[in-house]
Amino acid sequence: MKPYNPSEVEKKWQNVWEETKIYSPNLDSAKKPFYNLMMFPYPSAEGMHVGNMYAFTGADIYGRFQRMQGYDVFEPIGLDGFGIHSENYAIKVGKHPAEQAKISEENFYRQLRSIGNSYEWTRTIETYKPEYYKWTQWLFIQLFKAGLAYKKKAPVNFCPKDLTVLADEQVIDGKCERCGSVVEKRELEQWFFKITDYAEKLLSNIPELDWSEKVKVAQKNWIGKSEGARIRFVILSEAKDLPASQQGGDSSAMLQNDNSIEVFTTRPDTLFGATFLVISPELAKKWLDVGWKAPTGVGKYIEEALVKRTLIEENTDKTGVFSGIYAINPVNQEKIPIWVANYVLAGYGTGAIMAVPAHDPRDFEFAKKFDLQVKTVILSETKDLPASQQGGDSSAMSQNDKMIEVYVGEGEIINSGDWNGWKTPESISKVIKWLEKKAIGKREVNYHLRDWLISRQRYWGPPIPMIDCPKCGWQPVAEADLPVVLPELEDFKPEGNGKSPLANIDTFINTKCPNCDGPAKRETDVSDTFLDSAWYFFRYACTDIESSAFDRERLKKWLPVNMYIGGAEHSVLHLLYSRFIAMVLADLKFTDFEEPFKRFYAHGLIVKDGAKMSKSRGNVIIPDKYIAKFGADTLRCYLMFLGPFSAGGDFRDTGIEGMNRFLKRVWKLCSAVLSSKYQVSSTENTKELDTAMNKTIKKVTEDIENLRYNTALATLMEYYNVLSEFYTKYKILDTKYCKTFVLLLAPFAPHMTEELYQQLTIDNLQFTNKGKKDSQSFNSIHLESWPSFDEKSLEESEVNIAVSVNGKTRDVIKIEKSKVESQKFVEQLAKESENVKKHLQGKKILKTVYVQGKIINFVID
RNA sequence: GCCGGGAUGGUGGAAUGGUAUACACGCGGGUCUCAAAAACCCGUGGGCUUUAAACCCUUGAGAGUUCGAGUCUCUCUCCCGGCACCA
């Protein structure tokens with residue numbers, strides 16, 4: 001056999017696989033469907049880096065393993081090429097995004113082919129092609145029809161560099177997720193999806209997901225459920241200059257007709273301790289707008305606070321001003337002041353809070369700064385607190401503030417009339433019932449999750465398929481008229497005027513109303529890239545269907561996705577959006593499942609020299625040159641051997657050579673075995689080989705099932721060492737050991753194992769191809785059955801038993817397997833060991849612990 | 001601040017409460033060669049500057065549970081990731 005030449009072998013088999021379509025399951029007739037999905041790659045112009053390859057290889061190994069287990073594995077691939085990132089790059093290199101997309105697509109697909117994954121190449125998707133985004137637009141329309149898409153003027157995140165708005169999820173630490181610019185708050189009219197309608201379902205479904213705890217917790221925190229009460233405070237009638245709110249239904253704490261103000265709290269049990277109210281500057285501004293005559297200085301403060309709000313929120317200094325108005329605490333009728341302060345958020349709850357400085361650190365800090373009353377109403381359960389701290393009215397905190405600290409924990413309610421003696425938090429619901437009875441407040445649940453801001457003022461995305469008619473209002477484009485094709489624009493750059501470049505194209509804008517046929521105008525914004533990727537896995541299974549986005553029966557067969565592998569950075573963005581879309585489609589009776597991903601596995605990150613790979617650092621590794629030098633198989637194995645798949649690793653050139661050596665040795669051994677004339681089916685000493693083989697099968701199988709690829713490879717190396725040693729010694733090795741070896745290695749190094757397997761089976765007729773599929777022209781290793789192991793062969797005739805004295809190992813003795821059950825025998829043998837004798841000499845054995853077949857421990861005084 | 005995950009040789013890492021350091025990288029020595037590369041062989045946690053045996057120490061620090069702890073419990077230090085004025 002020829003020496004190992006990866007580039008030759010890899011090209012050869014990649015072509016054969018694609019021609020014979022061995023990775024293309026029949027989606028309608030498949031008996032055991034397995035949807036193996038990896039996260040939609042964004043086709044960056046620089047090409048695929050090793051981080052991508054790491055993720056894809058890990059996912060592919062799992063898919064290949066399942067295929068050899070007898071599943072009809074569907075492993076699709078495509079490109080998420082719409083979006084700001086692609087558009088910005090096109091602008092940078094002075095190309096049109098569509099032109100750049102073509103170049104990137106070609107390059108990315110070439111690279112994807114070179115890494116040797118078992119992709120279904122006949123069902124690719126590119127989000128920027130009309131045959132795909134037609135259905136993205138269709139999806140938008142379904143949401144609109146269901147009342148889940150609406151356009152509204154709201155304070156939104158605006159990126160001054162990308163010149164577009166961003167969803168909450170795309171703002172990290174007040175900065176643009178993409179470019180890192182500090183995000184501004186702007187009041188703009190935008191399209192939203194009502195993801196908040198699904199907050200409860202998104203949350204309550206989490207326990208049934210087979211996802212890592214980390215990702216589940218991240219989603220849980222992002223949804224951020226808080227249970228509590230909405231409580232009404234009457235405003236003192238002296239404040240006659242306050243106008244009542246005209247329109248009802250406003251969820252914010254606008255003044256109600258009966259001159260009251262509402263707050264949300266998770267601690268209604270501390271209501272007796274509420275010594276003042278605080279409203280957000282935004283809410284105060286609304287009051288001003290409807291005619292509130294604020295005292296001098298208050299209006300100025302509000303304006304200033306609002307300006308500061310649009311900047312970065314790094315300044316957490318609490319500021320505020322007394323509004324001049326008082327409210328009545330509904331439970332004790334005390335007159336308490338209303339303040340306007342920057343530490344209250346406008347977008348959460350009612351935009352107003354009741355401040356309980358004794359039991360909330362933020363309120364405490366504020367009260368301390370402005371010398372406001374602090375009133376303890378929860379008795380601390382911590383026994384060693386000074387008695388002075390435990391209860392009583394402590395308004396004079398400024399005189400002795402060391403004595404008073406905030407207590408946020410649980411305890412007994414005190415100084416609270418009827419509630420005294422109740423234990424919190426168990427009695428919170430009791431408190432709420434009490435409040436409801438007296439019509440002071442009612443139970444309320446709030447979520448951190450906001451509606452998904454879906455519109456973008458950019459060019460490179462699917463136009464939002466909506467038409468604004470002066471008579472009929474917003475109307476969806478007729479489904480028969482889809483897609484709304486993205487016009488080819490010369491000047492596609494964003495202008496930053498809050499409008500998409502499409503707004504300059506009269507021929508695009510002017511259209512007819514689908515309802516009344518009168519003149520109307522098209523929406524000119526495009527949708528967020530995250531919408532493209534929120535449903536692509538539906539379409540993969542239905543790329544051959546032209547009449548609809550997907551076929552219900554097809555989806556029933558293939559979805560939810562059996563295994564989804566991707567980066568943890570999408571824990572809240574993509575995964576949450578996809579779950580939302582899947583739930584909506586289920587509710588609209590398009591599909592039969594709510595959760596799109598049964599199992600999600602987050603892989604680790606590949607770094608270079610300890611730092612995240614990035615263009616700006618100049619440490620991005622493109623796999624091409626390594627593949628050219630060592631082959632994709634070597635690189636695949638190297639990446640998987642770095643460490644646990646969930647942990648990622650540091651990319652280093654030196655390790656690759658080691659892995660290349662290993663594969664070369666495997667090739668060499670198989671070649672030698674093949675060319676040796678005397679292939680015997682059994683030799684004198686094959687017992688140890690059988691044991692090693694069966695052990696290896698067991699371990700590798702378990703490891704791959706649990707995505708422990710690094711230890712699977714280590715086990716294979718150990719197995720190689722056994723085979724190699726044997727062969728060196730006897731110059732003979734039955735090919736079955738080699739066959740098993742290449743079968744186990746096949747998911748990791750698909751090309752070389754295919755070549756070796758073909759050689760090993762070429763004139764070996766007694767070997768039947770059990771896993772053989774319908775119309776294959778050759779018996780690919782990748783369609784073979786995964787080796788099974790014989791439990792009996794795992795048993796060795798002799799076992800090693802560690803002998804320890806007081807827990808310290810002093811010797812290891814060999815015992816015949818048949819004798820391990822007799823403790824007496826083992827004990828006696830152990831005591832005969834010279835070294836053990838030495839340690840037992842003159843000591844009294846207090847106790848002997850024997851763990852069968854493993855260890856015997858003598859406890860001495 | 002809250003939540004989640006970590007810390008093991010020179011390096012990446014391995015270990016259902018039962019022989020810590022598997023597997024590999026690197027390094028050292030050797031074989032082959034005029035020489036080098038490749039390949040192959042041997043060695044490789046520390047005490048320990050000869051070898052072998054024995055002994056002692058060693059899984060971030062300290063305590064505890066246990067016949068026995070890298071693994072379980074508590075306290076602490078440091079690192080990584082997420083959320084963060086969400087009432």
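Throughout, a chain's letter reflects where its sequence line sits, starting with A, and its residues are numbered from 1.
The residue A/Ile353 sits close to a base: some heavy atom pair falls under 4.0 Å. Nucleic acid contact for A/Gly224: none, since no nucleic acid atom lies under 4.0 Å from a heavy atom of the residue. Among the atoms of the strands shown, none is found under 4.0 Å from any heavy atom of A/Val803. Nucleic acid contact for A/Lys838: sugar-phosphate only, since backbone atoms but no base atoms lie under 4.0 Å from a heavy atom of the residue. Within the 4.0 angstrom heavy-atom criterion, no nucleotide atom of any strand lies near A/Asn446. Contact annotation for A/His359: no contact, since no heavy-atom pair falls under 4.0 Å across all strands.
Taking atom NZ on A/Lys225 and atom P on B/rC83, their separation rounds to 22 Å, with Å as the unit. Taking atom OH of A/Tyr709 as the reference point, atom C1' of B/rG13 lies 18 Å away to the nearest angstrom. Protein atom CE of A/Met640 is 19 Å distant from nucleotide atom P of B/rA24, rounded to whole Å. When rounded to the nearest whole Å, the span between CG of A/Leu840 and C1' of B/rA54 equals 16 Å. The interatomic distance linking A/His603 (NE2) with B/rG5 (P) rounds to 20 Å, in whole Å. To the nearest angstrom, P of B/rC3 lies 19 Å from CD1 of A/Ile223. In this structure, CG of A/Leu846 is placed 15 Å from C1' of B/rU66, rounded to the nearest angstrom. Atom CG in A/Leu713 sits roughly 14 Å away from atom C1' in B/rA22 (whole-Å rounding).
Taking 4.5 Å as the limit, every side-chain heavy atom of A/Tyr638 sits out of range of all side-chain heavy atoms of A/Phe630. A 4.5 Å side-chain heavy-atom check between A/Ile206 and A/Gln219 finds at least one atom pair inside the cut-off.
Nearest to the side-chain atoms of A/Val849 among the listed nucleotides B/rG13, B/rG18, B/rC23 stands B/rG18. When distances run from any side-chain atom of A/Thr711 to the nucleotides B/rA14, B/rA87, B/rU19, the shortest one goes to B/rA14. Nearest nucleotide to the side chain of A/Asn857, out of B/rC56, B/rC3, B/rG18: B/rG18. Minimum atom distance to the side chain of A/Lys668 is reached by B/rA39, of the listed B/rA39, B/rC85, B/rU11. Closest to the side chain of A/Asn835, from the set B/rA54, B/rA84, B/rG18, is B/rA54. With B/rC23, B/rC57, B/rU19 as the candidates, the nucleotide lying closest to the side chain of A/Glu718 is B/rC23.
When each of A/Gly658 and A/Val171 is assigned the nucleotide of RNA chain B with its nearest heavy atom, A/Gly658 is the one assigned upstream, toward the 5' end. Of the two residues near RNA chain B, A/Asp363 and A/Arg708, the one whose nearest nucleotide lies more 5' is A/Arg708.
At a cut-off of 3.5 angstrom, counting only N and O atoms as typed in the model, there is a donor on one side and an acceptor on the other between the side-chain of A/Lys318 and the base of B/rC85.
When ring centroids are compared, A/Phe366 and A/Trp339 come within the 6.0 Å threshold.
Heavy-atom contacts from other residues, nucleotides or ligands closer than 6.0 Å to CD of A/Glu725 number 12 or fewer.
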* To do: Mind running side chain to side chain donor-acceptor pair (under 3.5 Å) on A/Thr319 and A/Asp317 for me, showing each step along the way?
  => CA-CA 6 Å; A/Thr319 63; A/Asp317 267 3; over 6 Å; no
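An OP1 or OP2 oxygen of B/rA87 is reached within less than 4.0 angstrom by no side-chain nitrogen or oxygen of A/Tyr343.
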